[in-house]
Structure formats: C-alpha cells, structure tokens
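Since the structure is predicted, the reported quantities are computational estimates derived from the model, not experimental observations. Here is the naming used below: chain letters follow the sequence lines, and residue numbers restart at 1 for every chain.
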Amino acid sequence: MFIINCPFCGEREQSEFKAGGEAHIIRPKQPTELSDDQWAEYLFMRKNIKGIQFERWNHAHGCRKWFNVVRDTSNDEIKAVYKMGEKPPVQ
Amino acid sequence: MKKNLRVKTGKVIDETYRISFKFNGTTYYGFKGDTLASALLANDIHLVGRSFKYHRPRGIMTAGSEEPNAIVQLHNKSSRTEPNVRATEIEIYEGLEASSQNCWPSVNFDIGGINNLLSPLLPAGFYYKTFMWPASFWEKYEYFIRRSAGLGKSPTKPDPDIYEHKYIHCDVLIIGAGISGIMAAKIAAKNGLKTLLVEEKPNLGGSTIYQNSDHFKINNQNSGSWLEKEINEIKKLKNLEIKTRTSVAAYHGYNFLLARENLTDHLPINQRKNKTRHKLLKIRAKKVITATGSIERPLIFDNNDRPGILLSSAIKRFADYFGVACGEKNILFTNNDSAYETAISLIQKGINIEAIIDNREEVNSKLIYEVEKNNIKIFKGYTVTDTSGYKRINKISIMQLSKDGQKVVGSKIILSCDCLGVSGGWTPAVHLFTQSGGKLKFREDDQVFIPNIYPSDQLSIGACNGDFTLDEILVNTPKSLIDYLNIKNTEYDNLEISSSTNKSKRNVWLLPSDKIFGKTKSFVDYQNDATAKDIKLALREGFRSIEHVKRYTTTGMGTDQGKLGNMHALGIISETAGAKMGELGTTTFRPPYTPLTFGTIVGRNVGEYFDIFRKTPIHDWHVTHKAEFENVGQWKRAWYYPKENENMHEAVQRESKAARESAGILDASTLGKIDIQGTDASEFLNRVYTNAWSKLAVGKCRYGLMLNEDGMVYDDGVTTRLGENHYIMTTTTGGAANVMGKLEDYLQTEWPELDVYLTSVTDHFATVSVCGPNSKKIVSGVIPDLDFSDESFPHMSFKNAKIGKINCRVMRISFTGEHSYEINVQANYGKSVWEKCMEAGKDFNITPYGTETMHLLRAEKGFIIVGQDTDATMTPIDLQMDWIVSKKKYDFIGKRSLYRSDTIREDRKQLVGLLTDNPNEILEEGAQIVADINKSPIEMLGHVTSSYYSPNLKKSIALGVVKGGKNMMGQKLIIPMEKKNINVTVADPVFLDKENKRLNA
Ligand SMILES: [Zn+2]
C-alpha cells in the first residue's frame, strides 16, 4: 500500500484512491473522422510499462478529483504528482 | 515412566508457580514462563506429531517461530480450537489442552505411517504425476487425499474472541528486541524519534539475554547482564513504545507493515472474557530497522528428522532460558563454533554430553579448548551418516568425512544418545526484508544471503544483516545507526568487547553417507517431507528454476515456509546443477511471516458488521410488513411481501396482478440520483446519453441510455429537466456510484470547459412509486391541490408539489407500462408519504410489491435491466433499441464504436423475446439456447436472460440473447436442459400492451 500525495489534499493512503489507467490519452475531438484502426488505437491500446508510467488517479474517497501520477511500476515509487491539464514535471 | 528433566531455574521460569496442562489427553505439569515445548521436554516428551506425507514421528526441533514439526491443535472441538499452533511459541496456562495433528488414531500409532514404508513409491511430484490422469478421476482421488492429508482441523463453531485493528504511525519501527534491536531502540528514542519496538517473544533480549559465559563480555560484564541493564533503561524512555508477543506478519511497500499483537493467548481461558485477543497493527513507519536475528541451520544427513534431534541453539535456549535438559545422553553435531556455546551451557548446568561431532578437521578456538578441558570427546572431521530410533533417537553412526566432503571414509562408529543437537551455521532472517522488495546478495565466505539493496527507508542490523558474532554486532550496529539516523555519535561507540567465537565453518549442504543415495532419507523440508533425493529428482526431470523446484517438491511450502531448510535446498540445487548460489536467487518469502488467524484479519468486521449495507428511509415499514429482502449492491431492497402461507412465486403472482388490475406501490429510493446543474448541463447530457437532450422542455422527463466508449450499454434511467440549467438524473441502483465516477471523470479530464456541477443526492430523497389504473386516484388523494389531468400532467412530465408542508417532486414516469407516479421527498419524510399512499390506496387494494414483481412487470413490457439482460457486450442495436440512438448528434460517448467492424456484425447476440411452446413451462435464467441438438458439438446461440410466469398474460415469458436473433422472429429454437429439451419460439420482446395504451389508462 503506497501513499499518494493528492495535489488537493496532501498525502493519503492508497486505499482512498482509485486507479484510472494510463494518462495523456486524449479523447479524439472528431471520432467520426477516424478509421476503425485509429479509433481502436484510442480505445484499446495501452502501454502497461514496467518502469516509469504516467497514470491517472482519482481521490475517490476524498476530494473526488482526478489527477496524474508518475509511478515506477517496478517498485511503486511515485516520482511526481500533477493536476489534470498540467505538463508532466519529469520525463 | 515419567522423568523430570528440569535442571536448574531457567531465566524466565517461575518455579513457585506450577501449571497443569493436557497433551493428548494426559495431564502434565510445567511452570509459569514455559512454552508448551519446554514443558513437554521437561517431561521427556519429544514426539509431538507426524509428518505430512510419510507420517513419520516428529519431535520438537527448535525453540521459536521457525518450528516445522511441533505444531499442535489447541482445545480440540471447542469454539476456541486452533490448528497449526507452534508448541515452541504458545505459553502454557492453567487448563491448556493440546493435541497432535496429522495422525490417526494416535501419535504413537498412526496408520498413515504406512506411507513411510511406501515412500519409494511416493517421489516428488507424485500427486501431479498420478492423480491428474485421467482428469475425470480427480474428484475420486481428491476425496481420499483430502481425508488423509491436511494439518489440523479448522473450528466449526463461531469464534468467541474479540479482535481489533489499530493504526500506528511512528518515526522508527524496530523489529526484534535482541541485542541489536535494544541498542537501536535506545539510540532512536534518545535522539527524539517516536519509536516503536516490537518483539515476537514474551521477553526482550533475544539470545544474548541468557548468555552468562565469561567468553562474551561487554564493559567487563557478561553480555547477558550488560543487556539486562540496557533493557531496564529503555523501559523508562518516554518516546519508546515496546510491544512484546507482537510478530510482524507482513512488510509492504512504503514502510507499511502488519503486525499481530497477541494479548490473551497466554492467559487461562477464564481470564480472557471481554478482552481483545489479537490486535492487527497497521503500522506506517517513516523508518524501519529490521533486527530479526538469524535462524540456525540444521544439517542434512540420512534420517535427520527423528524425535530427539534439535537445533543446537534450541538445546541451549531450553537449558538456559527454561531450565530444561532435552536429553540425558546428548550429542552435538556441528560444522561451526556455535555448538560449543551450547556445550558450555550444558556443562555449566551439569547436563551430560556424550560427544561432539565436528565436520571440521582442524579448529582452534577458546570455546573448544574449554569443552575439551571437561573431557568431552570431540570427533573432528567426522559426520553423522545415519540415525536410529523410531519414536526417539537412540543411536547415531559416524564416519570420517573425505577431504572434499563428498563421501565418507574409514570405519563406522556407533554412538548411543537420546538427543542430538545439530548446528549448520546461521541464516539471517531476511524474510521481512525480502517481503518489502529488498534485494539480497550472497556472501561466499560463510554461504549466506544478506540484505543488499533497500527498497524503502529501512536498515537491517545485527544477525539478520549477517553480523553473527558479538563483536561484529556491537561494532557495526552503532556505526550503521549513526549513518542511518544521521546522528553524530552513540553511547555505544567505545564499548569494551571480548568475544571468543571463531568464525570458521565447513559447509557441506548435503552430507554423505555410506548408504547409496537412493536409499537415504535426508530431510530438507521437515514439515512437507521433502528430501534431498526429491530435489535431485526434480533436477533430473529438467526443473531448473528454484521457484519450479520449490513447487514440484513442495520444499518451503508448509506453514513454516521452510525457514530451516530453504538454504540447503538451494545449496543442493547449486551443487547438483553446477550453478552459483548467488546466481540461483532465492524463492520469494510471502506474508504472513507466521500464520495469522482469520479472526485477526477480519477484526471487528464480523456478523452484521461483516459488510456494510444501506437501508432506505422506508426500510422499517418493509420489515414490519414481513418483506423478504434482496441485496442489490449494498442496498437491502424489499424483494416480495409474502402473506401468511404464500411462497415467493405465489406472492409475486399476486403482487403483479394487483399492480396491473388496480394499484401497486414500490419503494424506489435506492435508484441512483445525480443532481446536474450549470449552463452546459444540456450539452453535457447530449454527450453522455445516446439520444438528444437539447430540446427537452423544462418540466419534462426523458429515458436515456448511457454507453461506454466501446459502444456497450453501461447504464440507463430517466432524467428530468427541473429548470433551464438544472436536471435530476436517475441511474440503476447498482450502477449509481460508477455512473457518478464516470461522469466526473469526463467532466474533469475530457471536458473541463463545460460549466457543469454534479452532486450525488441518492440518499437525500426517498422515492415512492405508485402504479396501476387506480394510481391517479390514489396520488391525487395524497396531493389534492395538484392538477392531474393528462393535459396538465401528461406521461413523462414532472411537477413540484406539496404534501402538507412537505415539498415533493412528482414525476409521471413508468417502468411497468402502467399509468404511474413517482413521488420524491426529502428522505426523512419517505416513510410518512409511503404510509399516506397506503392509506389513500386502501379502497383500491393498493399492494406493496418488491423487486421481483418489478422485474416481472417490466419484462412483460420488454424493458431491459442493465446488468441482467445486458453484460457489457450489448450495444443498443443488439438490444433492438435503435430508436434511442440519435443519428443527428455529432458525437456522444460510444458513438464511434457503434459502427466498428465488430459491432455492425449481423450475427451478434441480439435481445429477443422467447415463448415456450408449453405456456406453463418456465425457462431457467442462464439456460443455453441452441437451434440444432444433433450437431456435434452443439452450437450455442445464446442464453436466457430473464424469465417469468406472467399472471397477466397467463403464460411463460422470457427474454434472451440469440446470435442473429433480430432476423429470427417466429423461428423455433431449443433450450436443452439436463432432463429434457424445451421448445421455444422467438418473439417480439414486448409481450404486453404494444400500443402503450395502459400508460394513459
Ligand atoms: Zn484529494
């Protein structure tokens, strides 16, 4: 169980949060213009990296806000936390 | 013939306090301070159990939590019975009753012992090889295997004890109160850190506390006395909390640890009432210092598992700590110096030592000289080749070890004994360190794995870090604490130390015998009966990975997780396969370190607190009126209201008829309700529902279907426009929280530009739904001031109204196909409004109905239930609900997916109605649907999703999903059941009132 530093509330137990999968996958503005393959790319394809991963988390049992987390999935170390719409602070 | 092997007052024994206890039905005596193991040994009892596979007699082997053999059942058949309790850990109390496990009819005569004679037929992987084929026979084998195997019996009565969970936050957690843990605790606490010290044993001080030999001195006192003073001092420190009888079960990431604090297991049963038995401590520590010590290694030789064979360090502990001699004719067998520490303790207490067998040829140390001075014969360069004695060791054979340690030479010597202490050196207890994700490195010198890379803010000190001798511990512990805690110095920086241990060791993982290898039984895992032979067999059969060998031979898979023998298994693999130990890696140690009871894990979440449930404001009325309840998500919903002798079917038939013939009333409070406000609320609904919302007039209601981005139906419900920028959305009962989460997700992450605010108001309103041809008369009786004419208040519209002084929202919407109203009021008025409706409906036979009738009524109308008729693979098109998918809208969630190559397939499963040829035949929900039963294999076309007997249509009706069902109207299909095939015809899913006349009746 790790600790997540919610950008709105501060450090809280992981059990207060809900994971939301890979971050920075933007919903296409004009889905109807896309081919099946392009749409499938958005809909189904996720990297699921071992190592540094950018992912979305929701403080479900807290402020209910969504935000982004940079996590090393190999050891659960959280490198950074930042709000929706902000640029990732690390690469 | 009972013997008393109590030698001298032990460190922790109170001889003025005698305790009686029972073991296998016989009464014995021990003293306060004894463990069950020490008390049994004092009564000369070694044989306590039978091994798992071969049912070999087994005795007490250790004095701690690493014990593989001496596991017992406590208080058999009582509500407090507990299996797999280590006799070496449980402290005796007046009235304790323990019995042996895994034996029948008794530990002295066990029928399963025949497996020992059959052992050549029971090699590693025997069960995998034999019982897996033919597959259909497994059920028959399993019955016999389960009966003859298994350690202990689980309780059958409710647990009478109380358990608790507690969170602890601290600056430093120190695990283990041996000498290094005590030093760390003092340093941390004195430097102002909030410190918690936990120790699994009842007393502090580890193995140093009973060290009273002149060979180990600190500041000119023997090490035991020195440590005792330190302990007395730390007990006074303010920011140090000490918890004994507390064992850390799990070490997770981010320094989150679980520990079990044992509060009453050492008390007589009659003193446990109303006390918490175990506390599960959930510890979050900024820093963790692991000082878990080390576990002595056994030696692997032929027949090394007999009762009377113990770890040499255990013999020392039993003598020094409990004042118990493990035998009268003791032999020690070692490959290093620590057995001589045991010998010196035994000599001091006048316990007889017959001989010492040492693998090493040439050794010089002060300890050995002292032992030799006492005229004890030491066989240097020898090894034990075999032992005898069925229920207690009585003889050993020894021979000289060859130079390379691979075979024995010379002639055999037989020595008689009643106890054999073995010492194969030490293994750092790195279990918790590896659980935390720590990486080990292999130290070639003495063949041990020690902590290398720390995954979190932690430190290992003392023996668990590979410091085995007193001087190493005393020098290295303060040094590493200075670095770790970032402090200038400690009070231990200039200790005067004298320590006599010589570190030499002759490591032979598998000791040779004069017998051929195939005839030997050298146990590596005592609890699971895995031998060196099994490991070599696994390697011969091609297993290479240590994890595979472990599973194939079951080495290390017992309740003790192979704390004693895992290293030997690795060593044997390494030697046999010619691989380096360091490169083999170790198997993964998993939580819990020692077993936890279920009670500890669940804590207070038992009985009615096992899982939370939600009640509607009208719940009490349903209880009073004898409703049966159904769990829907976390809600308790009224399921049906049986009258006197009615069964469920009869009640539902009556309720359903009444709702269509006159009036029914349903508690719909559990439906999810989301309040939506903001200038972009209409646009938002356009994007989340498949149909159009912009033109919905204020005061009107609309049914909406919500999809996932993959085009599959996610939820549905009616949403009402309360004002220009204000809607109230209803969701399914079970989907409410998920819908709320999903909408928030889109608002916050995809469409932050929208001016929309969502509030969950499910709990704020109670919803009373009145339906049926007389519903208007009833509701207008409750709200006389409201105009109920169809012109003013048509179907799918909404009115604000007042019942007395109570504000309410009335929606004219219908899930039954009947003329009906839903009255929403502030939750705490729910019950009174319900009762008003009942009163007003008295003359109309108003009938409360539950979820089962609701399901039946909607099925008659072909209305879907998301989650029952859909399963996340159904699009609106599959449901034949094309009418609700807007063609004009540019986009909505899931739109693009509705014309992916997969979703436009004609042969997708589609929702249809099903009518049985025999109108009285009711289909089973979930039953498969086929067209041709002669084809092999039979092609499954789909399954039945909803099925009822309709009292209004007087026939059986069903909904189902069928491949290409849309184009199969009128076609005959078959539902094959176990005893018969049922013929059905595909029909329109709307069975009743296709013209919707009843809505305005
Ligand atoms: Zn938050």
Peer 1: So how far is it from R900(B) CZ to D37(A) CG, rounded to the nearest 0.5 Å?
Peer 2: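 One finds 10.0 Å between CZ of R900(B) and CG of D37(A).
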Peer 1: Quick check for you: to the nearest 0.5 Å, what is the distance between S15(A) atom OG and K282(B) atom NZ?
Peer 2: 8.0 Å
Peer 1: At a 4.5 Å cut-off on heavy atoms, which part of S897(B) comes close to chain A: side chain, backbone, both, or neither?
Peer 2: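 Answer is both: backbone and side chain atoms of S897(B) are under 4.5 Å from chain A.
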Peer 1: Side chains of H252(B) and F2(A), heavy atoms from C-beta outward: is any pair under 4.5 Å?
Peer 2: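 No; the side chains remain at least 4.5 Å from each other.
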Peer 1: Please tell me if the side chains of I3(A) and R284(B) come closer than 4.5 Å, counting only heavy atoms from C-beta onward.
Peer 2: yes
Peer 1: Based on non-hydrogen pairs under 4.5 Å, which of I78(A), N58(A), N75(A) is most in contact with chain B?
Peer 2: I78(A)
Peer 1: Around atom CZ of F610(B), are there more than 12 heavy atoms of other residues, nucleotides or ligands at under 6.0 Å?
Peer 2: no
Peer 1: Quick check on F67(A) against chain B: is it the side chain, the backbone, both or neither that has a heavy atom closer than 4.5 Å?
Peer 2: neither
Peer 1: Please name all residues satisfying side-chain hydrogen bond (donor to acceptor under 3.5 Å, both in side chains) with T873(B), sequence neighbours left out, ordered by chain then number.
Peer 2: D871(B)
Peer 1: Quick one, R56(A) with D745(B), criterion side chain to side chain contact (heavy atoms under 4.5 Å, CB included). Give me CA distance, side-chain angles, the key distance, then yes/no.
Peer 2: CA-CA 10 Å; R56(A) 297 159 6 106; D745(B) 187 354; 2.7 Å; yes
Peer 1: Which pairs with one or both residues in residues 64-74 of chain A pass salt bridge (Lys or Arg N to Asp or Glu O under 4.0 Å), sequence neighbours excluded?
Peer 2: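 Listed by first then second residue: E55(A)-R71(A), R64(A)-E744(B), R71(A)-D76(A).
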Peer 1: For E33(A), look at atom CD and say whether over 12 heavy atoms of other residues, nucleotides or ligands are found less than 6.0 Å away.
Peer 2: yes
Peer 1: Within this structure, what is the OG1-NZ distance for the pair T32(A) and K895(B), rounded to the nearest 0.5 Å?
Peer 2: 7.0 Å
Peer 1: Over all heavy atoms of both residues, which pair between Y254(B) and M1(A) is shortest? Give the atoms and the distance, please.
Peer 2: CB-O, 3.8 Å
Peer 1: Test of understanding: with side-chain hydrogen bond (donor to acceptor under 3.5 Å, both in side chains), list the residues that count as partners of E41(A), not counting sequence neighbours.
Peer 2: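 For E41(A), no residue satisfies side-chain hydrogen bond (donor to acceptor under 3.5 Å, both in side chains) once neighbours in sequence are set aside.
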Peer 1: Could you look at Q30(A) and say if it's the side chain, the backbone, both or neither that has a heavy atom under 4.5 Å from chain B?
Peer 2: both
Peer 1: Check whether Y167(B) gets within reach of chain A through its side chain, its backbone, both or neither, counting any heavy atom under 4.5 Å.
Peer 2: neither
Peer 1: For residues W39(A) and E709(B), determine if any side-chain heavy atom of one lies less than 4.5 Å from a side-chain heavy atom of the other.
Peer 2: yes
Peer 1: Using atom types as modelled and distance alone, determine if a side-chain donor or acceptor of D36(A) lies under 3.5 Å from a backbone N or O of S901(B).
Peer 2: yes
Peer 1: What residues of residues 884-891 of chain B sit under 4.5 Å from chain A when you count only heavy atoms?
Peer 2: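 Listed by number, the contacting residues are Y890(B), D891(B).
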Peer 1: Name the region of Q38(A), side chain, backbone, both or neither, that has any atom closer than 4.5 Å to a heavy atom of chain B.
Peer 2: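 For Q38(A), no heavy atom lies under 4.5 Å from chain B.
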